[in-house]
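Here you go, one structure.
Note that ligands are numbered from 1 as they come in the structure, with each ligand's atoms numbered from 1 the same way. If you're wondering where the values come from, they're calculated on a predicted model, not measured in any experiment.
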Amino acid sequence: MSNVTYDYMEKYIRELIPAHEGILTELESYAENNKVPIIHKEVANFLELMISITKPRAILELGTAIGYSSVLMAKCSDDIEKIDTIERDEKMILLAEENINKAGLQDKIKVLKGDCLEVLEGLEGKYDLVFIDAGKGHYNVFHPHCLRLLSKGGIIIADNVLYKGMVASRELVIRRKITIVKRMKKYIDMITKDENLITSIIPMGDGIAMMKRRDD
Ligand SMILES: C[S@@+](CC[C@H](N)C(=O)[O-])C[C@H]1O[C@@H](n2cnc3c(N)ncnc32)[C@H](O)[C@@H]1O
């Protein structure tokens, strides 16, 4: 139960989305069998659509895991020149690099090793799409860097912002997740109240936030 949308709605929508093939199917099975959290099917579908509309050349991803979403994004469009994806877990880094090589995408996708905040602090240049999918309790601190690294007209998509519904309903909050929920609420406040941004919160998957600078 996602507590973000109705189960029957999620099931219905998932069944409408065509299945992937090849390496993406392999990675989906690996993730399921090994309990590696990867983006939900409808979020993958949404990313594919957004990439097709916005045609980003450079993408920054926070949270690589086994490389599923970065491979998925790289396969969306020939316009993509590079995807930099940040991961701190050694085991995930090895698996991701293996999978990226297997997909033949090693020239496009680079795994930046380390904690997101530390890597972000050292990054320069601009990205047309920033996809945030790591460190739910730290989106607040990642945010200024994501904005600094965002190209003119670029978009930020953040996953898990409704965090199993806990962000929207006190009754759903699990005690040991209180700090993450509080921080996520602050993040949502920050991005929805910032007059320089236009932001949409979408109850899909575990909740998505999408934003761009209003005047770009
Ligand atoms: C939800 S998974 C990413 C899934 C991936 N985007 C996909 O859909 O294929 C989140 C990943 O972020 C990593 N992570 C969590 N916090 C991090 C941090 N502060 N810095 C770097 N990596 C982090 C975890 O090790 C985990 O592999």
Got the closest protein heavy atom to atom 10 (C) of ligand 1, with its distance? Asp133 O, 3.2 Å
For ligand 1, does Leu72 get within less than 4.0 Å through its side chain, its backbone, both, or neither, judged by non-hydrogen atoms? neither
Near Lys126 NZ, under 6.0 Å, is it more than 12 heavy atoms from other residues, nucleotides or ligands? yes
Within ligand 1, which atoms have a heavy atom of Gly114 less than 4.0 Å away? 20 (N), 21 (C)
Please give me the minimum heavy-atom distance between Glu87 and Val111, naming the atom from each residue. CB-CG1, 4.3 Å
Short N/O distance, under 3.5 Å, between Gly63 and ligand 1? yes
Atom 15 (C) of ligand 1: nearest protein contact (heavy atom, Å): Gly135 N, 3.7 Å
With respect to Asp89, determine whether any N or O atom, backbone or side chain, lies less than 3.5 Å from an N or O atom of ligand 1. no
Do the rings of His138 and Phe142 sit parallel, tilted or perpendicular, given the 30° and 60° boundaries? tilted
Specify side chain, backbone, both or neither for His138, according to which of its non-hydrogen atoms lie closer than 4.0 Å to ligand 1. neither
Which protein heavy atom lies closest to atom 14 (N) of ligand 1, and at what distance to 0.1 Å? Ala134 CB, 3.7 Å
Is Leu27 close enough to touch ligand 1? Criterion: a residue heavy atom under 4.0 Å from a ligand atom. no
Identify the heavy atoms of Ile51 and Leu129 that sit nearest to each other, and give their distance. CG1-CD2, 3.9 Å
Tell me which protein heavy atom sits closest to atom 8 (O) of ligand 1, plus the residue, atom name and distance to 0.1 Å. Ile39 N, 2.9 Å
Quick one: nearest non-hydrogen protein atom to atom 20 (N) of ligand 1, plus distance? Cys116 N, 2.8 Å
Considering distance alone, does some N or O of Phe131 sit under 3.5 Å from an N or O of ligand 1? no
Locate the shortest heavy-atom distance separating Asp128 from Ser151; write the atom from each residue and the value. OD1-OG, 2.8 Å
Please report which non-hydrogen protein atom sits nearest to atom 7 (C) of ligand 1, along with the residue it belongs to and the distance in Å to one decimal place. Ser69 OG, 3.0 Å
Run the salt-bridge test on Asp115 and Arg88 with the 4.0 Å N-O cut-off and return the result as yes or no. yes
Result for salt bridge (charged side-chain N to carboxylate O under 4.0 Å, His left out) between Glu97 and one of Lys91, Lys110, Lys102, Lys113 points to Lys113
Are Glu21 and Lys75 within salt-bridge range, i.e. N to O under 4.0 Å? no
Which value, rounded to the nearest 0.5 Å, describes the distance between Ile17 atom CD1 and Glu42 atom CD? 5.5 Å
Residue, atom name and distance, where the atom is the protein heavy atom closest to atom 1 (C) of ligand 1: Pro37 O, 3.5 Å
How far is atom 26 (C) of ligand 1 from its nearest protein heavy atom, and which residue and atom is that? Glu87 OE1, 3.5 Å
Can you confirm whether Leu112 sits close enough to Leu123 that some side-chain heavy atom of one is under 4.5 Å from a side-chain heavy atom of the other? yes
